S.K.: 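Sharing a structure here in structure tokens format.
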2 protein chains.
Amino acid sequence: MTRATKKNRIDRNSPIPIYKQIKEIIIEELKAADSEGHPAITEGELTRRFHVSRAPVRQALKELADEGYVYRERAKGTFPVQELPVHPPNLELGGLVRYFREQGMDCNSRILGLERIVPSDDLRELLRLNREDKVLRISRLIYLTNRPLAWTQTYLFVTEDFQPTVDELEEMQSVFLLLESELGISITRGDHQISASGANEEEAEVLDFNIGDPVLVIETKLYTRNNQLIGWRRAVNIPDDYKVSFTVNR
Amino acid sequence: MTRATKKNRIDRNSPIPIYKQIKEIIIEELKAADSEGHPAITEGELTRRFHVSRAPVRQALKELADEGYVYRERAKGTFPVQELPVHPPNLELGGLVRYFREQGMDCNSRILGLERIVPSDDLRELLRLNREDKVLRISRLIYLTNRPLAWTQTYLFVTEDFQPTVDELEEMQSVFLLLESELGISITRGDHQISASGANEEEAEVLDFNIGDPVLVIETKLYTRNNQLIGWRRAVNIPDDYKVSFTVNR
DNA sequence: CAGTGGTCTAGACCACGTA
DNA sequence: ACGTGGTCTAGACCACTGT
């Protein structure tokens, strides 16, 4: 720590829980640390520093460990991970365009299609729909520096009164945000399946790619908070620019 | 619940923590449930049933939620997820062969190469090695029903006295298990990057595939428990049979 | 209103690592 | 011997949901 004034106070009147405040403070300090020393955070230290009990301190450290900021070793201590985790939201749901923009990259998207259709047999079966049910289909092409990056097709089983416009969708950058603000439905779980295949004719045309050239396909089952399967998405990605990265801790 | 005798007792003398015992019992009951009713587990119910305090019950339910067995809604309750999670260990580290075998599938593997080599410049830089350092390279071809499924090349920076034989490796099905039992080093974190590409000449030959046909490539940085980068792995997978699947909860 | 999960307190005992 | 994180107890108050 290079001469930094450390925050030693928790705001007990804040609506933000104590453990979250502690988390934020620690993340800030990890970022500020010049990766030289090994500040070795301990529970005792934090309880004394903030005058709180162990529970919020433990919850903070637990979540930091889960998120890859620190690792904990019994009887040794809690240590910062060298490279702080970055989270390209490859597999988060929505918000890809916004993420690239935040990285200062030239990224935008265009809605290719927006309609209510009768789903294919496979999709109807997957979503367990009746014969007469229709789904909302949103087809979106995402560009990075003016070159196609990914083509996503999202199918949602929602009430007819959810009628987003193309403008709204391009504005919001994510159907899911719109779903949340308009219907109060949030998508909180995604079952992803990643595979590689050769671009078919349609995909090649949309992505301005060659037929048969390898593309990365991510298919996702979309679930609401109460774990109702509400939709499905297929994303076809140009592999040169689009890679999925993430971390698995054991 | 179809007339099942419920376990209502925790073994307080067991070395297994209470919350884990509770977790196991709940998982069993979720599996046994005929997916009809919605047993709605609550904290109060469990504390009364097992005569324990809230802490272990909360820890059990928290982990079950993290693992996708249940979801929790404030002021409403804790509810089972319809489809119980399955965990194909695509991205777990090692043990792929064992997994397929447990599924009753005909899966085996062959060691194609096992040697200590001077790493490429890229790899040396990635692992931050000195010019004279050597790494252990293990090349393994995995078959499913006698057809090539995946080709993995694992590079580990370990002391010279770790000298596994081909037999040991084919026996153990995973270098990582061997590492753990021989040197006490466990690999606990993997940073994965997934992409698609066309098979190059070498990959095509090894996998008995066509040059340029799409393959799924998973490159992984391997870390020990103290988050030391100890190795790197490149897995080239036949996409018809090998898909990566996993769940993201928010 | 009673019941739920979310947060917090102030203690306790333990296994394990370091010195 | 001492400090660490892991587990547990027995309370407490809160916001929110259902009736």
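By convention in this document, chain letters (A, B, ...) are assigned in the order of the sequence lines, proteins followed by strands, and residues within each chain are numbered from 1. In this text, all values refer to a predicted model and were calculated from it rather than measured experimentally.
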S.K.: With a 4.5 Å heavy-atom cut-off, do B/Arg49 and B/Ile25 have their side chains touching?
M.R.: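 Yes; the side chains approach each other to less than 4.5 Å.
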
S.K.: Could you state the atom-to-atom distance from CZ of A/Arg58 to P of C/dC8 in whole Å?
M.R.: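 Atom CZ in A/Arg58 sits about 15 Å away from atom P in C/dC8.
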
S.K.: In whole angstroms, how far is the C1' atom of C/dC8 from the CD1 atom of A/Ile22?
M.R.: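 The distance from CD1 of A/Ile22 to C1' of C/dC8 comes to 11 Å, rounded to the nearest Å.
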
S.K.: Contact class for A/Ile18 vs. all strands (heavy atom < 4.0 Å): base, sugar-phosphate, or nothing?
M.R.: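 Sugar-phosphate: the residue A/Ile18, judged by heavy atoms under 4.0 Å, touches backbone atoms but no base.
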
S.K.: Taking 4.0 angstrom as the limit, do B/Arg9 and B/Asp11 come out as a salt bridge?
M.R.: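 Salt bridge absent between B/Arg9 and B/Asp11.
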
S.K.: From C-beta outward on B/Thr42, which listed nucleotide comes closest to its side chain: C/dG5, D/dT9, D/dG3?
M.R.: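 My answer, after comparing the listed nucleotides, is C/dG5.
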
S.K.: Measure from CG on A/Leu61 to P on D/dG5 and round the result to the nearest Å.
M.R.: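 Rounded to whole Å, this separation is 7 Å.
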
S.K.: Taking all non-hydrogen atoms of both residues, which atom of B/Ser109 and which atom of B/Arg140 are closest, and how far apart?
M.R.: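 Heavy atoms only, the tightest pair is OG-NE, 3.0 Å.
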
S.K.: Could you give the CD-to-P distance, from A/Glu45 to D/dG5, as a whole number of Å?
M.R.: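 Taking CD of A/Glu45 and P of D/dG5, I get 9 Å after rounding.
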
S.K.: OP1 or OP2 of D/dC8 less than 4.0 angstrom from a side-chain nitrogen or oxygen of B/Tyr19, does that happen here?
M.R.: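 B/Tyr19 to D/dC8 OP1/OP2: no side-chain N or O under 4.0 Å.
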
S.K.: Both B/Gln59 and B/Arg54 contact DNA chain D. Which one's nearest nucleotide lies toward the 5' end?
M.R.: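 The residue mapped nearer the 5' terminus is B/Gln59.
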
S.K.: Nearest whole Å is fine: how far is C/dA12 C1' from B/Arg12 CZ?
M.R.: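 Rounded to the whole Å, the gap is 13 Å.
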
S.K.: At under 4.0 Å between heavy atoms, what does B/Arg72 touch on the DNA or RNA strands: base, sugar-phosphate, or nothing?
M.R.: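 Counting heavy atoms under 4.0 Å across all strands, the contact made by B/Arg72 is with sugar-phosphate only.
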
S.K.: Which nucleotide sits closest to the side chain of B/Ser53: D/dC8, D/dG5, C/dG5?
M.R.: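 The answer is D/dC8, which lies nearest to the side chain.
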
S.K.: Salt bridge or not for B/Arg225 and A/Glu73, using N-O below 4.0 Å?
M.R.: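 A salt bridge is absent here (no side-chain N lies under 4.0 Å from a carboxylate O).
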
S.K.: Where the side chain of A/Pro17 is concerned, which of C/dT9, C/dT7, D/dT17 is the nearest nucleotide?
M.R.: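 Selected nucleotide: C/dT7.
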
S.K.: Does any N or O donor sit under 3.5 Å from an N or O acceptor when you compare the side chain of A/Arg74 with the base of D/dG3?
M.R.: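 Result: no qualifying N/O pair found.
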
S.K.: Would you mind reading off the distance between B/Asn13 atom CG and C/dC14 atom C1', rounded to a whole angstrom?
M.R.: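 About 14 Å, once rounded to whole Å.
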
S.K.: Starting at atom CD of B/Glu43, determine the distance to atom C1' of D/dC16, rounded to an integer number of angstrom.
M.R.: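 Atom-to-atom, B/Glu43 to D/dC16, this comes out as 14 Å.
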
S.K.: Less than 4.0 angstrom from a charged side-chain N to a carboxylate O is my criterion; do B/Glu63 and B/Lys20 meet it?
M.R.: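 Salt bridge flag = no for B/Lys20 with B/Glu63.
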
S.K.: Distance check needed: D/dT19 P versus B/Lys76 NZ, whole Å only.
M.R.: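 Going from B/Lys76 (NZ) to D/dT19 (P), I get 11 Å.
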
